[in-house]
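Below is one structure, written out as structure tokens, with a few remarks after it.
For ligands, and for the atoms within them, numbers begin at 1 and follow the listed sequence.
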Amino acid sequence: MMLKGKKGIISGALDESSIAWKVAERCHEEGAIFTLTNAPMAMRMGKINELGEKCNSKIIGADLTSVEDIENLYEDSLNELNGKVDFILHSVGMSPNVRKKKEYGDLNYEWLNKTLDVSAISFHKMLQVAEKKEVLNDWSSSVALSYVAAQRTFPFYSDMAEAKSLLESIARSYGYRLGKLNKSRVNTISQSPTITTAGSGISGFQSFFNYAEKMSPLGNATADECADYCIFLFSDLSKKITMQNLFHDGGFSSTGISEDIIDDFS
Ligand code: NAI
């Protein structure tokens, strides 16, 4: 029971393929108590209720681009959990440009703002409101999900690359601030391509999923494995890890080329 006695807030569980869904299941297994949150529109799909029942968790609707919604989310969560929180998962991303297949050279700038707000600035908002409302226990751990397109170009990832760079930068800046404040830590996990609703929305996803699988000496990291890593990061075993972007990708980010890929070209 690595998270016994810990309290948290988990965002972004849409259906059983969601990374956040797996994280919630694992947190429950490890003895944590937590609230679940998603955008009101996603909640209408109803799937998240199953997860709520399974994990004994209250579900609180919040559009994470809205400071007011986040304030309500925290107020409700602290009541429900009977105290401050030890961990927060940010597992939220969306790009209207990607959804509507706008090319990188033809971005709609209103949509770009939306991409950045939903996928990155929402993390700043969660942390800023948490600081102001004194929501976080000492040594709390906040984690957001990122992708290697923050460092290297993946053309099909479009403006989500900008969002991930910003997200990682926010984790660094806020990690410093909250570390000084009460030893709280903030990190991003740079996860392998994973077959989920958000993932599959990217064009050519299946091809780059297969490519990453062949490039990575350990193969792609699955959503379940990502959940295991989150448990470690939420636990007291990772107390001095902060302000990091942590690659959880089977070795993909450090590999130049693999024998499997060479074989494909010979
Ligand atoms: P998913 O589609 O299951 O989760 C995305 C979630 O974001 C959904 O639950 C959706 O309702 C929520 N969301 C969208 N707009 C929101 C808003 N305004 N307020 C609150 N929630 C909102 O997909 P997945 O893959 O589990 O995505 C989770 C995170 O993992 C995202 O940040 C994604 O970019 C990241 N990631 C995913 C990878 C993949 O290949 N699937 C690879 C690396 C990172």
**Report entry** Residue selection (non-hydrogen contact nearest atom 38 (C) of ligand 1) among S190, S192, A198
**Finding:** S192

Query raised in the report: Who's the nearest protein heavy-atom neighbour of atom 13 (N) of ligand 1, and how far?
Result: V92 CG1, 3.7 Å

Query raised in the report: Which part of K164 is near ligand 1, with near meaning a heavy atom under 4.0 Å away: side chain, backbone, both or neither?
Result: side chain

Report task. May I ask you to decide whether D159 forms a salt bridge with K102, counting only side-chain N to carboxylate O separations under 4.0 Å? Result -> no

Requested in this report: Examine G12 against ligand 1 and note whether any of their N/O atoms are separated by less than 3.5 Å.
Outcome: yes

**Report entry** Which segment of S18 sits under 4.0 Å of ligand 1 when only heavy atoms are counted
**Finding:** both

Query raised in the report: Is the Y104-Y157 ring centre distance short of 6.0 angstrom?
Result: no

Query raised in the report: For atom 12 (C) of ligand 1, which protein heavy atom lies nearest, and how many Å away is it?
Result: N38 OD1, 3.6 Å

Query raised in the report: For atom 40 (O) of ligand 1, what's the nearest protein heavy atom and its distance?
Result: T194 N, 2.7 Å

Query raised in the report: Among all protein non-hydrogen atoms, which one is nearest to atom 15 (N) of ligand 1, and what is the separation to 0.1 Å?
Result: V118 CG1, 3.5 Å

Report task. Can you pull out the closest protein heavy atom to atom 6 (C) of ligand 1? Residue, atom name and distance to 0.1 Å, please. Result -> S91 O, 3.6 Å

Report summary line: Only residue of S140, S141, S142 satisfying side chain to side chain donor-acceptor pair (under 3.5 Å) with S184 is S140

Query - Qualifying residues under ring pair (Phe, Tyr, Trp, His ring centres under 6.0 Å), relative to F232, sequence neighbours excluded - result: none

Report task. Name the closest protein heavy atom to atom 18 (N) of ligand 1, giving the residue it belongs to and the distance to 0.1 Å. Result -> D63 OD1, 2.9 Å

Query - Y211 and Q206: side chain donor to acceptor below 3.5 Å - result: no

Report task. Identify, for atom 44 (C) of ligand 1, the protein heavy atom at the shortest distance, and state residue, atom and that distance. Result -> S146 O, 3.0 Å

Report summary line: Taken in chain and number order and not counting sequence neighbours, the residues that satisfy ring pair (Phe, Tyr, Trp, His ring centres under 6.0 Å) with F209 are none

